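Model, not experiment: these values are computed from the prediction. No hydrogens, no waters, no symmetry mates; every other heavy atom, side chains included, goes into these values. Whatever order the structure lists ligands and atoms in, that order sets their numbers, starting from 1.
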Amino acid sequence: VDAPLPAARPRRIVVPSGGIGGARFLRGLLAAAPDAEVTVIGNTADDITLFGLRICPDLDTLMYTLGGGIHVEQGWGRDQETYVVKSELAAYGAGPDWFGLGDRDLATHIVRTQMLDAGYPLSEVTTALCTSWGLAARGVRLLPMTDDRVETHVVIESAGREGGTSRRAVHFQEYWVRLRAEPVAHEVVAVGADTARPGPGVIDALAGADLVLLPPSNPVVSIGTILAVPGIRDALRATPARVVVLSPVIGGAPVRGMADKVLAAIGVASTAEAVAALYGGRESGGLLDGWLVDEHDADAVPVVEALGVRCAAVPLLMPDQEHAAAMAHAALGLAAELKVAPA
Ligand code: FO1
């Protein structure tokens with residue numbers, strides 16, 4: 001008697017992703033599913049132009065992490081980095097000085113800007129840069145969510161002219177890096193999202209996926225901005241693939257970053273179940289088939305299952321690649337348990 005075939009392992013896995021959390025999860029996924037074809041849909045709303053250079057933090061974090069050039073502890077920027085150019089810019093008083101642009105990292109921004117200025121779309125630029133970093137050899141494609149300009153701005157309170165207070169929008173990078181996400185975020189706006197078109201290959205990747213995984217990226221300024229590009233949310237709802245998401249919130253707080261501040265801006269509590277409700281169960285018009293919470297949030301499991309979403313509590317911290325691989329296995333396992341999503 002032939003041994004039963006192993007449960008068909010998903011071949012085409014699509015991962016909409018932000019920066020650091022997503023990149024760390026991806027490293028685990030590649031270890032857990034080495035024969036999968038992984039397509040990452042990268043958030044580009046963090047992007048910023050500084051010193052005339054186009055900087056794409058989430059795309060670069062994904063590219064450097066999967067290409068082996070990331071500064072591991074930081075989760076952004078290059079390993080063995082130096083900051084000579086940055087100090088020379090400071091000597092000229094050329095600002096801004098709050099964004100840490102390293103010498104090696106600058107080469108990426110110069111090449112990207114050169115290609116963009118030559119008329120190449122961001123998707124082709126990203127493919128060229130990722131090819132240089134050997135991502136294709138690892139079966140990974142990185143697709144920008146859009147080739148159009150989308151930038152997240154955060155509305156904060158600021159001192160008014162006559163001593164009162166007024167509101168102003170700052171670029172997400174200024175809010176996060178210069179202001180350390182200290183001011184209350186009254187509103188988070190993905191400027192340009194409403195007229196942005198999904199990048200080349202994005203809709204097809206979602207439609208043709210065997211499985212869609214959402215890593216523990218920021219639900220507002222990473223996943224939220226990807227979903228804000230017209231057509232992407234609908235493609236996620238329409239795909240026959242199951243959609244399994246890993247909670248970005250553990251024990252009432254984000255694992256890293258400022259998700260609590262931007263979740264508050266949209267009136268969502270920083271709990272695993274509140275973020276699950278934000279994404280919504282597929283049966284009630286949302287995106288989710290499966291939701292993984294950390295063991296600290298085991299009491300959220302029945303709440304999430306009440307949304308019609310399969311839920312499991314597993315370790316969700318990623319101190320190293322082994323933990324990330326275990327999380328990826330847990331996500332693949334939950335996906336395998338799910339019935340095929342209703343057509
Ligand atoms: N994050 C910081 O907290 N401080 C920095 O000085 C900084 C510089 C930087 C330079 C290039 C780059 O690609 C990312 C950089 N980041 C920095 C991270 C960046 O703010 C990311 O967008 C966030 O970590 C969210 O993904």
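A donor atom on one side chain and an acceptor atom on the other are not found under 3.5 Å apart for Arg54 and Thr113. A side-chain N or O of Thr108 and one of Tyr64 form a donor-acceptor pair less than 3.5 Å apart.
Remark: Arg112 engages Asp60 in a salt bridge (Lys or Arg N to Asp or Glu O under 4.0 Å) (not counting sequence neighbours).
The 4.0 Å heavy-atom shell around ligand 1 contains residues Ile20, Asp46, Pro57, Asp58, Trp76, Trp98, Phe99, Gly100, Asp105, Gln173, Trp176, Val177, Arg180, ordered by chain and number.
Salt bridge present: Glu157 and Arg167 bring a charged side-chain N and a carboxylate O closer than 4.0 Å. A salt bridge links Glu151 with Arg149: the distance from a Lys NZ or Arg NE/NH1/NH2 to an Asp or Glu carboxylate oxygen falls below 4.0 Å.
The distance from the CG atom of Leu66 to the CG atom of Leu142 is 8.0 Å, given to the nearest 0.5 Å.
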